[in-house]
Amino acid sequence: IIRIIKNGGNIKNMLKLLLSLPYMRKRKKLFARFMNDYLSKDSFNINSIKDVDEKYESLVVGSDQVWNPELVGNDNTYFLDFADTSKRFSYAASIGKYSALDSSYTSLLEKFTMISVREEKSVVFLKNFGIDKKIYKVLDPTLLLDGNQWRKIAKSADRYNQYKRYVLVYAQGKPTYGMDLAKNIAKEYGLKVIVVHGYVHQFKKVINIRDAGMEEFLSLIEHAKYVITTSFHGMILALNLHKPFFIELNEKNIEGNERMKSILADMGLENRVLVQDQDLSAYRDIDYRDVEIKLNLMRKKSYDFIQHIID
């Protein structure tokens, strides 16, 4: 509410935010539970992070846009500046906004023992940036687990069991023709449209879900007939769970779209990018046999890189 007031927001927006607070609290609680169940309990802040250097033999930074200075507030912790240079490694580091990474970061990057990045463009960018060492390309960490492993984490939520047949839309950024496609597919096959999002407003003529936890989110993807998303990780999870999916790119974020384009090119799935007014009838299904062959080859390379760090 304070943020809305500072930004000159009106009473209508404040009321919408108040109405959304129960969803936000529920979602926060569910994600906290997920982190407690599956992630390390160790946590550090800017003052205590130096203690990590004494505690561990190797330190790894990654992955999603950790080397985007604008996103991390110019915090050089993400370049492991506090650590002994022999311990510095990156796994699937993503830059996101290449224009934000200037030459002042060259010396920090040069001090890494081994560097791996997530996108092909990042490999080329860092070489042109003057980094005089091999740059490896590896998979996003979410793809190190296969679909069966994610299914074990997914939890079937009783409150969603009523929705048996649906198109799932996962919205980060408001989808335009992606939403139109979802409604068209739903009409053609007699499906519902479920939209998972964290916005204050509700999308019209669809089922809005704003308080799904991680397990529930995975379950919603797993049981969807089709997935349409604007999110990188929404796309990745749909791919890993072998769902027919489409992704709508943000036309205003050309650099950020490289994240999606890189993995789609690796998997031979460039045709999953939505283009307005394109006839997509021929692309509804995906033959995941070929995709899994490519994915497993990249998994092996990625695990080999991790083994190098451990050794």
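For Glu54, the CD atom is loosely surrounded, since the number of other residues' heavy atoms within 6.0 Å does not exceed 12. Dense packing is recorded around CD of Gln149, with more than 12 heavy atoms of other residues, nucleotides or ligands lying under 6.0 Å away. For Asp132, the CG atom sits in a loose shell: 12 or fewer heavy atoms of surrounding residues, nucleotides or ligands are nearer than 6.0 Å. Around the NZ atom of Lys133, the shell of radius 6.0 Å holds more than 12 heavy atoms that belong to other residues, nucleotides or ligands. The environment of NZ in Lys97 is sparse: at most 12 heavy-atom neighbours from other residues, nucleotides or ligands sit within 6.0 Å.
Sequence neighbours left out, the pairs with a member in residues 115-124 that pass salt bridge (charged side-chain N to carboxylate O under 4.0 Å, His left out) are Asp64-Arg118, Arg118-Asp140, Glu120-Lys137. Screening residues 76-85 for side-chain hydrogen bond (donor to acceptor under 3.5 Å, both in side chains) gives Asp75-Thr77, Asp84-Ser86 as the qualifying pairs, with residues at least two apart or on separate chains.
By the 4.5 Å heavy-atom criterion applied to side chains, Val72 and Gln65 are not counted as neighbours. A 4.5 Å side-chain heavy-atom check between Ile135 and Val117 finds at least one atom pair inside the cut-off. The shortest distance between side-chain heavy atoms of Leu126 and Ile95 falls below 4.5 Å. With a 4.5 Å cut-off on side-chain heavy atoms, Ser63 and Pro141 count as touching. In this structure the side chain of Val193 never reaches within 4.5 angstrom of the side chain of Tyr166, judged on heavy atoms. You'll find the side chain of Phe89 stays beyond 4.5 Å of the side chain of Val61, heavy atoms only. A heavy-atom distance below 4.5 Å is not found between the side chains of Lys192 and Arg165. Between Leu168 and Tyr226, every side-chain heavy-atom pair lies at or beyond the 4.5 Å cut-off.
Checked against the 6.0 Å centroid threshold, Phe79 and Tyr105 count as a close aromatic pair.
Considering every non-hydrogen atom in both Phe245 and Ala238, the closest pair reads CB-CB, 3.9 Å. Between Ala224 and Val227, the closest heavy-atom pair is CB-CG2, 4.0 Å. Here the closest non-hydrogen pair linking Ser107 and Ser104 is OG-O, 4.0 Å. Across every non-hydrogen atom of Ser231 and Gly234, the tightest pair is OG-N, 3.0 Å. The shortest non-hydrogen separation linking Pro244 to Ile286 is CA-CD1, 4.1 Å.
Between Glu222 and Arg151, at least one side-chain nitrogen of the basic residue sits less than 4.0 Å from a carboxylate oxygen of the acidic one, meeting the salt-bridge criterion. In summary, Lys300 and Asp304 engage in a salt bridge, as defined by a charged side-chain N under 4.0 Å from a carboxylate O. For Asp266 and Lys294, the salt-bridge test fails: no basic side-chain N is under 4.0 Å from an acidic carboxylate O.
Ring-plane geometry between Phe34 and Tyr38 is classed as tilted, the angle between the planes lying from 30 to 60 degrees on a 0 to 90 degree scale. Taking the six-membered ring where the residue is Trp, Tyr288 and His242 present parallel rings, their angle staying beneath 30° rather than reaching 60°.
With no hydrogens or angles considered, a side-chain donor-acceptor pair links Ser122 and Tyr98 at under 3.5 Å. Judged purely by distance below 3.5 Å, without hydrogens or angles, the side chains of Asn45 and Ser48 pair a donor atom with an acceptor atom. Using a 3.5 Å distance cut-off with no hydrogens or angles, the side chains of Gln307 and Asp311 do pair a donor with an acceptor.
A single hydrophobic cluster is not seen to contain both Val138 and Val124; linkage of ILVMFWY side chains at heavy-atom distances under 4.5 Å, directly or through other members, places them apart. In the hydrophobic cluster analysis, where Ile, Leu, Val, Met, Phe, Trp and Tyr join through side-chain heavy atoms closer than 4.5 angstrom, Phe129 is grouped apart from Met114. Follow the hydrophobic side-chain contacts under 4.5 Å out from Val275 and you never reach Met260; the two are in separate clusters. Transitive grouping of hydrophobic side chains (ILVMFWY, heavy atoms separated by less than 4.5 Å) keeps Phe125 and Phe232 in distinct clusters. Taking hydrophobic clusters as Ile, Leu, Val, Met, Phe, Trp and Tyr residues chained together by side-chain heavy-atom distances below 4.5 Å, Val66 shares a cluster with Leu108.
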Quick one: do Ser94 and Trp67 satisfy side chain to side chain contact (heavy atoms under 4.5 Å, CB included)? Show the steps, please.
CA-CA 6 Å; Ser94 178; Trp67 288 348; over 6 Å; no
Run the side chain to side chain contact (heavy atoms under 4.5 Å, CB included) test on Val196 and Val169 for me, step by step, so that the C-alpha distance in whole Å, both residues' side-chain angles and the decisive distance to 0.1 Å come before the verdict.
CA-CA 6 Å; Val196 175; Val169 178; over 6 Å; no
Asp42 vs Tyr56, test: side chain to side chain donor-acceptor pair (under 3.5 Å). Steps then yes/no.
CA-CA 12 Å; Asp42 290 343; Tyr56 298 101; 2.8 Å; yes
Criterion side chain to side chain contact (heavy atoms under 4.5 Å, CB included) on Leu295 and Leu239, from CA distance to verdict
CA-CA 10 Å; Leu295 199 50; Leu239 185 156; 3.9 Å; yes
Tell me, with the steps shown, if Ile194 and Ile209 meet side chain to side chain contact (heavy atoms under 4.5 Å, CB included).
CA-CA 7 Å; Ile194 294 179; Ile209 294 179; 3.6 Å; yes
Evaluate the criterion side chain to side chain donor-acceptor pair (under 3.5 Å) for residue pair Asn36 and Arg33; output intermediate values, then yes/no.
CA-CA 5 Å; Asn36 184 67; Arg33 186 185 70 188; over 6 Å; no
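Between the side chain of Lys26 and the main chain of Ala212, no donor-acceptor pair closer than 3.5 Å is present. Put simply, the side chain of Thr229 gets close to the backbone of Tyr170: a donor and an acceptor are under 3.5 Å apart. Of the possible donor and acceptor atoms, none in the side chain of Glu248 sits under 3.5 Å from a partner among the backbone N and O of Val273. In this structure, the side chain of Arg210 does not engage the main chain of Gly198 through any donor-acceptor pair within 3.5 Å. Side-chain atoms of Ser116 come within 3.5 Å of backbone atoms of Ala92 as a donor-acceptor pair (strictly under, hydrogens ignored). The backbone N or O of Gln202 sits nowhere less than 3.5 Å from a side-chain atom of Asn208 that would complete a donor-acceptor pair. No side-chain donor-acceptor contact under 3.5 Å links Ser262 to the backbone of Arg259. Counting only distance, with no hydrogens or angles, the side chain of Tyr91 and the backbone of Leu139 share a donor-acceptor pair below 3.5 Å. In this structure a side-chain-to-backbone donor-acceptor pair under 3.5 Å is present from Trp150 to Thr142. In this structure, Arg88 contributes its side chain and Val60 its backbone to no donor-acceptor pair below 3.5 Å.
With rounding to the nearest 0.5 Å, the separation of NZ in Lys187 from CG in Leu191 is 13.5 Å. Note that CG of Leu143 is 4.5 Å distant from CD1 of Ile236, once rounded to the nearest 0.5 Å. Here the NE2 atom belonging to His197 is positioned 5.5 Å from the CZ atom belonging to Phe203, to the nearest 0.5 angstrom. In this structure, CG in Leu237 is found 4.5 Å from CD1 in Ile221, a value given to the nearest 0.5 Å. Between the CG atom of Asp146 and the CG atom of Asn296 there is a distance of 8.0 Å, given to the nearest 0.5 Å. For the atom pair CG (Asn240) and CD (Glu292), the distance works out to 7.0 Å, reported to the nearest 0.5 Å.
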